[in-house]
**Q** 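To start, I am sharing the structure in question, which I have written as structure tokens.
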Amino acid sequence: MTQAYAAFNPTEPLGPYQYKTRTTGPKDIRLEILYCGICHSDLHSARNEWGGAHYPLVPGHEIVGRVTEVGSEVTSFKVGELAGIGCMVDSCGACENCDAHEEQFCLNGFTGTYNGVDKKSGGYTLGGYAQHIVVDEHFALHIPDNLPLEAVAPLLCAGITTYSPLRHAKVGKGHRVGVVGLGGLGHMAVKFAAAFGAEITMLSTSKSKEEDARRLGAHHFALTTDPETNSKLQGHFDFIIDTVSAPHDHTSLIGMLRTNGTLIIVGAPPEPMQIPGFALLMGRKHLMGSLIGGIRETQEMLDFCAEHNITSDVEVIPVDQINEAYERMLKGDVRYRFVIDNSTFQNA
Ligand code: NAP
Ligand code: ZN
């Protein structure tokens, strides 16, 4: 049996749960999970804030583990090797977006690592707050062996979610970039934008994070709660990447863009955004969304991180502190990603 932590309904804390994983199919690998990051999407899902939650729901899509079994047709992993799993475990493999290595936009819908309809075993997929997981090798990533594994796990979601749009927008030298929200995604956005050579301003509600923002690579820091920030930064940025998990004012962010500037939305609060058309018309402003990244780009991101020594700043916790971590994450008290040490299931 696999020990796990699950949400059983939207309102109560997560608790222990156990199940049998599917048997390892010909194209599958089985992992013993070593570490799993805690993403704010886990909390949105566990509490059914986006709708469509199926309980018991085992969250977790920032998974690093060791391969303990490989199917007869597996070619890219061997027993004993490290492997990573992000937000997807399946897609149709036949549509134009899958062909273009953008499985996250599979026209037939990708299968999420948790709470997804499991085409292989029926039921719903169960994620990384667990001891084991079985996955098709196509959706497993090769993990660099020169980086600390607990700090690599968050790259599988927070990393690729910020790397992909910054790359797509060709962010680099000469660009002024604003990063909104210094949490799991935000701190990776700062690190990548810095590695790409941009001039970065951290836009935060937490004065206490200023020193960290600069240490992570931001050149400037502005408090979004300070009324002067808005006027001081009018027309300033080429790009703003917005990682905020709760309702907030997007119109003032658009005002901080230069002509032709782009507001990149990666944060996913359940409430709809409210933006007057005029905010975009004046200055031909662009609004762009982005969802994680394809498997090939995720591998590219991991290889980039290995080369440039980029990892997440993490606070490692035992499994029985997941609920406390959720409460702290809700208060913005996260520096800058909680990561579960999955070996602690043995004592849980
Ligand atoms: P997180 O670690 O909780 O960070 C969110 C940060 O947003 C907080 O640390 C805080 O930063 C800021 N914030 C929180 N509430 C705020 C409010 N009411 N007003 C203004 N700022 C606020 O969350 P995360 O794991 O980075 O995830 C962020 C969002 O991205 C979530 O909605 C998540 O579901 C979504 N997400 C999207 C994708 C995708 O593919 N697009 C992938 C993963 C996650 P400060 O203290 O600096 O203000
Ligand atoms: Zn995530």
Side-chain angles (χ1 to χ4, degrees), residues 36-50 59-63 84-88 102-105 110 112-115 127-129 153-166 168 178-191 201-214 216 218 221-226 229 240-250 252-253 264-271 273 288-294 297-298 301 312-315 325-339:
C36 182
I38 296 184
C39 178
H40 207 112
S41 302
D42 299 350
L43 189 157
H44 289 310
S45 303
R47 300 189 178 180
N48 199 21
E49 292 173 359
W50 292 331
H61 57 206
E62 294 185 336
I63 299 167
I85 305 173
C87 303
M88 302 182 281
E102 297 210 297
E103 300 89 346
Q104 78 278 26
F105 303 135
F110 71 83
T113 302
Y114 59 82
N115 200 42
Y129 296 6
L155 300 178
L156 276 308
C157 174
I160 184 61
T161 300
T162 49
Y163 178 93
S164 179
L166 294 174
H168 191 86
V179 176
V180 196
L182 191 52
L185 268 54
H187 91 292
M188 291 313 306
V190 170
K191 290 189 185 204
T201 302
M202 185 67 231
L203 296 160
S204 172
T205 60
S206 310
K207 177 77 182 144
S208 61
K209 294 180 184 172
E210 174 164 4
E211 211 181 304
D212 283 341
R214 293 184 191 276
L216 294 164
F221 182 92
L223 265 183
T224 46
T225 47
D226 177 350
T229 293
I240 296 177
I241 180 163
D242 182 341
T243 75
V244 174
S245 52
H248 59 291
D249 177 15
H250 296 91
S252 61
L253 296 175
I264 304 169
I265 302 292
V266 288
E271 300 78 6
M273 297 163 62
M288 168 179 154
S290 192
L291 181 77
I292 48 174
E297 194 179 37
T298 306
M301 178 274 309
S312 171
D313 288 28
V314 299
E315 183 172 338
Y326 275 22
E327 292 312 315
R328 283 184 52 197
M329 186 158 65
L330 270 180
K331 286 190 245 153
D333 177 19
V334 43
R335 306 205 174 210
Y336 281 89
R337 197 56 138 187
F338 290 108
V339 173

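Start at 1 and go down the list; that is how both ligands and their atoms are numbered. Along the sequence shown, residues carry numbers from 1. Hydrogens, waters and symmetry mates play no part in the numbers below; they use all other heavy atoms, side chains included.
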**Q** Check whether any side-chain heavy atom of C157 sits under 4.5 Å from a side-chain heavy atom of I292, and report yes or no.
**A**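 Yes, their side chains come closer than 4.5 Å.
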**Q** Numbering the atoms of ligand 1 from 1, which are under 4.0 Å from a heavy atom of G181?
**A**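 Going through ligand 1 atom by atom, the ones under 4.0 Å from G181 are 7 (O), 11 (O), 12 (C), 47 (O).
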**Q** Do R214 and E210 sit within salt-bridge range, that is, some charged N less than 4.0 Å from a carboxylate O?
**A**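 Salt bridge flag = yes for E210 with R214.
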**Q** Assess, by modelled atom type and distance only, whether the side chains of D42 and Y326 contain a donor and an acceptor separated by less than 3.5 Å.
**A**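 No, Y326 and D42 have no side-chain donor paired with an acceptor closer than 3.5 Å.
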**Q** Where the side chain of T113 meets the backbone of M88, is there a donor-acceptor pair that is under 3.5 Å apart?
**A** yes
**Q** Checking the N or O distance criterion of under 3.5 Å, is ligand 1 in contact with G332?
**A**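 No; every N/O pair is 3.5 Å or more apart.
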**Q** Check each atom of ligand 1 against the heavy atoms of S206 and keep those under 4.0 Å away; list them by number with element.
**A**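 So the answer, numbered in order with elements, is 45 (P), 46 (O).
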**Q** Got the closest protein heavy atom to atom 29 (C) of ligand 1, with its distance?
**A**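 Scanning the protein heavy atoms, the shortest distance from atom 29 (C) of ligand 1 goes to T243 O, 3.4 Å.
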**Q** Within the distance-only criterion (no hydrogens, no angle test), does the side chain of T224 pair as donor or acceptor with the backbone N or O of L203 below 3.5 angstrom?
**A** no
**Q** Taking N or O atoms only and a 3.5 Å limit, does C39 qualify as a polar contact for ligand 1?
**A** no
**Q** If hydrogens are left out, which of P269, P165, S208, G183 has an atom nearest to atom 4 (O) of ligand 1, that is, the closest non-hydrogen atom?
**A**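 When every heavy atom of P269, P165, S208, G183 is considered, G183 comes closest to atom 4 (O) of ligand 1.
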**Q** Check whether any heavy atom of C157 sits under 4.0 Å from an atom of ligand 1.
**A**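 Under 4.0 Å: yes for C157.
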**Q** Can you check whether L156 reaches T298 side chain to side chain, under 4.5 Å on heavy atoms?
**A** yes
**Q** Do me a favour and list the nearest non-hydrogen protein atom to atom 34 (O) of ligand 1 with residue, atom name and distance?
**A**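 That would be S41 OG, 2.8 Å.
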**Q** Suppose we measure from atom 48 (O) of ligand 1 to each protein heavy atom; which comes out shortest, and what is that distance?
**A** T205 OG1, 2.6 Å
**Q** In this structure, are over 12 heavy atoms from other groups packed under 6.0 Å from E211 atom CD?
**A** no
**Q** With only distance considered, is L185 within less than 3.5 Å of ligand 1 through an N or O on each side?
**A** yes
**Q** Under 3.5 Å, side chain of H250 to main-chain N/O of M273, donor-acceptor pair present?
**A** no
**Q** Kindly indicate whether the side chain of S290, heavy atoms from C-beta on, has any atom under 4.5 Å from the side chain of H168.
**A** no
**Q** Counting backbone and side chain alike, does H61 bring an N/O/S atom below 2.8 Å of the Zn ion (ligand 2)?
**A**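 Under 2.8 Å: H61 contacts the Zn ion (ligand 2) through an N, O or S atom.
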**Q** Where the closest heavy atom to atom 8 (C) of ligand 1 is concerned, which of M188, K209, E210 has it?
**A**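 Answer by nearest heavy atom: K209.
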**Q** Just by modelled atom types, is the S204 backbone N or O under 3.5 Å from a matching donor or acceptor in the K209 side chain?
**A** no
**Q** Taking only heavy atoms of M329 into account, list the atoms of ligand 1 that are under 4.0 Å away from them.
**A** 3 (O)
**Q** Do E102 and S164 have side chains that get closer than 4.5 Å, going by heavy atoms?
**A**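 The answer is no, as the side chains (C-beta and beyond) never meet within the 4.5 Å cut-off.
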**Q** Just how far is it from atom CG of L182 to atom NE2 of H187, taken to the nearest 0.5 Å?
**A** 8.0 Å
**Q** Starting from atom 1 (P) of ligand 1, what is the nearest protein heavy atom, named by residue and atom, and what distance separates them?
**A** H40 ND1, 3.8 Å
**Q** Is the distance from the Zn ion (ligand 2) to some N, O or S atom of H40 under 2.8 Å?
**A**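 No, H40 does not qualify, because none of its backbone or side-chain N, O or S atoms lies under 2.8 Å.
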**Q** Give the contacting part of M202 toward ligand 1: side chain, backbone, both or neither, where contact means a heavy-atom distance below 4.0 Å.
**A** neither
**Q** Tell me if a side-chain donor or acceptor on E103 pairs with a main-chain N or O of G294 at a distance below 3.5 Å.
**A** no
**Q** H44 versus ligand 1: do any nitrogen or oxygen atoms come within less than 3.5 Å of each other?
**A**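 Yes, at least one N or O pair falls under 3.5 Å.
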**Q** In terms of residue, atom name and distance, what is the protein heavy atom nearest to atom 42 (C) of ligand 1?
**A** T161 OG1, 3.3 Å
**Q** Can you name the one residue among K191, R335, K207 that meets salt bridge (Lys or Arg N to Asp or Glu O under 4.0 Å) with D212?
**A** R335
**Q** Are W50 and ligand 1 in contact, using a heavy-atom cut-off of under 4.0 Å?
**A**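 W50: in contact with ligand 1 (<4.0 Å).
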**Q** What's the SG-the Zn ion (ligand 2)-SG angle here (C157, C39), rounded to 10 degrees?
**A** 130°
**Q** Among E62, R337, M188, exactly one meets side-chain contact (heavy atoms from CB on, under 4.5 Å) together with L155. Which residue is that?
**A** M188
**Q** Name the closest protein heavy atom to atom 15 (N) of ligand 1, giving the residue it belongs to and the distance to 0.1 Å.
**A**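 Checked against all protein heavy atoms, atom 15 (N) of ligand 1 sits closest to A246 CB, 3.8 Å.
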**Q** Just need the protein heavy atom nearest to atom 21 (N) of ligand 1, so name the residue and atom and give the distance.
**A** V244 CG1, 3.4 Å
**Q** Does I292 reach ligand 1 with a nitrogen or oxygen that is under 3.5 Å from one of the ligand's nitrogen or oxygen atoms?
**A**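 Min N/O separation from ligand 1 is below 3.5 Å for I292.
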**Q** Can you check whether V266 has an N/O within less than 3.5 Å of an N/O in ligand 1?
**A** yes
**Q** Taking only non-hydrogen atoms of R337, do any sit less than 4.0 angstrom from ligand 1?
**A**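 Flag set, R337 near ligand 1.
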**Q** What is the nearest protein non-hydrogen atom to atom 45 (P) of ligand 1, stated with its residue, atom name and distance?
**A** S204 OG, 3.4 Å
